[in-house]
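These notes concern the structure reproduced below.
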Amino acid sequence: MPSRSTAGAVTADRGRAAARRVGVVRAVLLLGVFGVTLGGLHTILEGVVWWILSILLCAIVFGAGLVVRAVLPTRILLGRILSPLVGIAAASLAIIIRFSADVSAWGFVPTPETIERFQKLVRDAGYSITWQNVPANADEPISFVLALGVAALAVVAEIFAFSLRLPALVGLPLAAIFLVPGITPEGATDGWFFAGSALAYLALLLAERPKKFLPAIAVGSIAVVSGLILPGILPSTEITVTSSGLGPSVSTGVNPMIRLGDDLREKEKHVALTYSTVSGVPEYLRLVEVSNFYSNRWGPTQPYLDPDNRPNEFPRPPGLAVDVLTKREVTYVHVANLLSPWLPVPYPASSVIGLDGSWQYLPASFTVASNQTLARGQNYTVSSMKLLPTPEQLLAAGTRVPSGLSDYLALPPDTPAIIADTAKTVTERARGNYEKAIAIQEFLRSAPFQYSETAPVADGYDGTGVEYVAAFLEQHRGYCIHFASAMAVMARELGIPSRIIVGFQPGHLKNGDDNGRKLFEVTTADLHAWPELYFSGIGWVRFEPTPSRGSVPEYARQSAAGVPPVTVPGSDPANPATRDTEGGRPQLDAGPTVARWLTSGDSTAWIIVGGTLAGLIALILLPAMMRSARRRGRLRALKSGSGTAASAWHEILESAEDIGIIVGETLTPRDVVARLERVRGMSGAGSDALARILDAVEREEFGRPPAVAAAAPKPELARDLTEVLSRLAGSVDSGTRMRAALLPPSLVQRARRVVARFA
Amino acid sequence: MAQATDSVDFASFHALTGKILRGVETVIDGKREAVELALTTVLAEGHLLIEDVPGVGKTMLAKALARSIDCTVSRIQFTPDLLPSDVTGVSVFNQGRGEFEFKRGPVFANLVIGDEINRASPKTQSALLESMEEGQVSVDGVTYPLARPFTVVATQNPVEMEGTYPLPEAQRDRFMVRISMGYPDDLAELAMLKRRELSSPLDALTPVVSLQQLSDMIAMVRGIYVSEAVEQYAVSIAQETRRDRELRLGASPRATLHLVRAAKARAALDGREFVLPDDIDALAVPVLGHRLIASARVAGAGSAFQSNSLADIIHRIVAATPVPLGAGASA
């Protein structure tokens with residue numbers, strides 16, 4: 001049989017060479033490198049679901065490459081070309097199934113609707129990225145863009161590592177991942193993940209080129225160092241924006257409350273905008289309304305922007321009766337580098353003109369937002385009506401609350417009792433909502449309350465949840481967020497509709513003028529939050545509970561005529577709290593690391609990390625378990641009599657394949673035996689056992705079928721099989737044995753056959 | 001015929017074939033494989049084509065095989081002027097009886113040795129080959145059955161030698177097996193010289209198998225079991241030759257039939273009662289080699305001994321065809 005002998009001399013060496021060509025080890029290392037590197041994105045994305053999705057995509061891309069190279073054992077070049085293509089196809093399929101199964105035919109065939117969905121996701125991702133602060137919630141659109149990016153980078157890595165055989169270049173896609181936090185405003189590169197990823201990368205370089213140790217180190221070091229330096233020297237988006245002459249950027253995002261403290265603590269002030277008014281009087285400029293509780297934290301509603309609500313004409317402000325005096329004001333606003341989807345406008349605006357892009361007002365809050373453009377660089381003119389309610393009118397509002405404002409009265413169920421208790425104590429002697437509001441404002445503006453941007457951080461109550469409000473009422477120190485949310489929550493406890501507005505306090509007079517008008521400059525230090533309370537017949541009215549910030553409106557000023565006096569126990573109106581200047585800036589910006597996360601005492605962190613580790617280990621052991629279950633099942637079947645000689649034969653074939661002996665399906669059983677008998681240690685009893693199995697399988701497969709199907713147990717066949725398997729395992733070194741057990745190539749072959757059967 | 005297997009058991013089959021092989025090998029030195037293939041062909045009721053340069057023992061092999069079996073043997077030396085009636089026989093007028101009488105030609109024998117078949121005109125060639133296929137001869141509207149068993153052992157010189165009419169592919173297809181003798185190695189050649197110093201060893205050869213025994217052996221070979229898997233394997237190989245880009249002409253269905261029948265004989269010679277894929281593998285080149293035509297690119301190397309490159313192609317196809325084996329995944 002010359003045809004067989006030509007394919008003859010096969011040794012374990014060739015098997016190992018085949019495994020190396022397929023690149024199992026390299027692919028696993030590559031997956032590890034990507035896993036660690038993508039983990040570094042935790043500084044800009046919340047949760048772990050996005051990471052799992054990304055790593056799955058990487059696994060799909062690299063796995064597809066492995067399968068292609070395993071399926072094309074002789075066509076190496078074709079395999080190199082095909083593997084990235086198949087990787088792209090597999091990743092695309094996975095992305096389609098994950099993001100558009102409901103609009104795709106059979107769940108995975110793209111339809112025009114799928115394309116529309118993807119376009120929408122990309123568009124939404126743009127908004128989502130601008131509207132969110134870091135760490136951002138990895139919502140559907142962001143996950144989609146991330147998935148696209150990760151899949152693309154994985155394919156690039158696959159091409160570098162396998163098609164071009166230049167694993168060192170994998171550093172390029174890795175550096176691209178590292179650049180993401182670097183160019184994201186406020187994003188920080190996590191040093192631990194960087195170091196881990198660099199190590200994993202070096203391991204990848206060294207794993208398969210032990211002989212070229214020095215060059216690998218050199219190439220790796222260059223890549224690592226450039227990875228470190230590149231983010232530093234590449235222009236970040238902030239600098240890019242600055243080049244438009246608008247100054248350093250100030251970004252707000254969808255929930256400016258979260259960042260407000262950071263912006264205030266920032267020593268360096270950035271100009272957010274300048275404005276002038278016709279009357280020359282400075283104004284509060286509102287950005288966003290914060291009125292809802294999410295679980296127990298304040299948060300803005302994701303706004304529904306009705307395209308018909310164009311801000312060139314606003315409706316009448318909600319709740320405003322005709323008898324309230326208003327004063328018309330015109331404000332000219334020049335926004336600098338404010339990366340905000342919200343437009344700074346005074347309340348209540350009646351028209352905004354001169355805007356670029358599509359902007360809409362929100363009828364409830366009178367805020368102006370866009371989901372397509374940002375406030376930066378806008379120059380516009382706002383007509384507004386300054387509300388001048390008299391104390392009498394406010395008093396007359398009494399305790400009446402019109403219906404339809406229940407959203408502004410909602411409180412989380414676990415609101416600490418101290419808030420309601422304090423509110424009741426403070427407003428003991430007050431009649432009507434107006435007097436109560438004044439009482440709360442004065443209570444918060446007086447000692448022992450102190451303005452401090454750092455104390456809440458240092459004492460761990462810097463947040464927007466109700467429990468932080470309670471802590472603030474006990475600690476008496478905080479900044480605008482705390483004062484505003486304390487007043488808003490207390491007002492709700494007393495049945496007064498309330499909301500928090502985040503925006504800018506009036507800012508400072510600036511040298512120079514705007515067409516003859518006084519010019520005011522608003523910086524990041526002017527970011528502010530204040531409460532608005534609702535009074536029947538007047539509508540939403542601003543209060544200023546934060547000491548030393550902003551200005552108290554006329555109708556809420558103790559010194560003004562008609563405003564009811566309040567006496568708060570222990571308060572000293574003559575000595576308002578002063579801004580806390582002691583203490584340095586707290587070390588907050590280190591950014592969360594896994595270590596910090598784990599030491600935070602949050603047991604869910606341990607559960608997640610433990611579960612992930614257990615899952616990873618299970619994943620690593622999965623092929624070994626599948627393979628071993630198969631072997632045990634065959635032996636059991638043979639012993640019980642239900643097994644066939646063919647099953648014993650396949651077990652031998654697969655075991656040989658696992659240790660790198662190539663026994664393709666084109667070989668006859670005799671060819672295979674001829675090959676296996678050359679294996680070291682396959683002599684004597686092993687050879688005899690092999691011959692008996694061969695005889696059994698030939699009789700069973702090709703012989704005349706017996707008249708009566710004999711299902712007799714074949715313990716001797718099981719014994720022979722065990723003998724042959726142990727000889728096979730004994731013929732290779734322990735390393736090969738380990739690899740054969742953990743990553744049995746026969747599983748891939750088997751999967752390939754299954755696929756071929758269906759294809 | 002189905003019961004005929006009973007008349008010869010494996011032991012006596014083995015003993016008889018052993019005797020034949022040993023006898024023939026006293027004449028043909030060092031050509032075990034060729035001798036076995038020749039016997040395989042006889043047992044499978046096929047016809048044998050021995051192709052090689054003159055003087056390597058083609059005719060000797062045919063004669064030795066004929067001598068070993070106690071059956072009627074005839075020999076036809078093909079020449080360009082040989083007529084079809086010289087092969088099949090001719091009707092002559094018997095004046096005594098006043099009627100035409102058929103005079104049987106040399107083809108009426110159990111073993112017909114056709115020497116240098118490619119030296120005869122195509123017309124004469126086809127006369128023999130038609131009788132090979134049909135097992136009968138028709139002359140003047142009367143059909144005469146040929147003897148049973150009936151085997152033609154034809155020899156031919158490589159086609160580009162002078163004065164040859166190459167066998168058309170349709171006629172090559174009628175031969176079950178084509179073998180090439182090849183030159184003997186130096187030891188075998190030396191042994192041959194010594195043995196023939198005094199007399200021809202052919203003369204010493206006596207029949208070891210009777211005609212009845214041969215018929216029984218043939219019947220036994222027919223009863224050898226061929227599993228569906230092996231049939232499928234043979235069909236796959238044949239199909240692949242038809243698809244292969246290096247081949248202009250693939251294997252005919254008759255070739256597949258011959259392949260399986262020859263494999264049965266080989267299995268029986270090996271003492272097995274069923275055919276293995278290995279039998280198919282081993283016989284692929286001898287059975288298919290002379291029927292396939294390589295595409296121009298491959299054939300360019302040397303048309304006479306294109307068998308070499310054809311053998312490579314067949315080896316490649318066989319090596320790439322999966323051996324059918326039960327899944328064996330579960331009971």
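In what follows, chains carry the letters A, B, and so on, assigned in the order in which the sequence lines appear, proteins first and then strands, with residues in each chain numbered from 1.
When all heavy atoms of D278(B) and E698(A) are compared, the pair lying nearest together is OD1-OE2, 4.2 Å. When all heavy atoms of R670(A) and D270(B) are compared, the pair lying nearest together is NH1-OD2, 4.0 Å.
To the nearest 0.5 angstrom, R699(A) atom CZ is 9.5 Å from L276(B) atom CG. Of the inter-residue distances, the one linking L325(B) atom CG with F702(A) atom CZ reads 5.5 Å to the nearest 0.5 angstrom.
With sequence neighbours excluded, no residue forms a salt bridge (charged side-chain N to carboxylate O under 4.0 Å, His left out) with E700(A). Considering only residues two or more places apart in sequence or on other chains, Q232(B) meets the side-chain contact (heavy atoms from CB on, under 4.5 Å) condition with S236(B).
T668(A) is not listed as a side-chain neighbour of I280(B), based on a closest heavy-atom distance of 4.5 Å or more. The shortest side-chain heavy-atom distance between E701(A) and V230(B) does not fall under the 4.5 Å cut-off.
Crowding of E677(A) atom CD: a count of heavy atoms from other residues, nucleotides or ligands under 6.0 Å exceeding 12.
A side-chain donor-acceptor contact under 3.5 Å links T666(A) to the backbone of A319(B).
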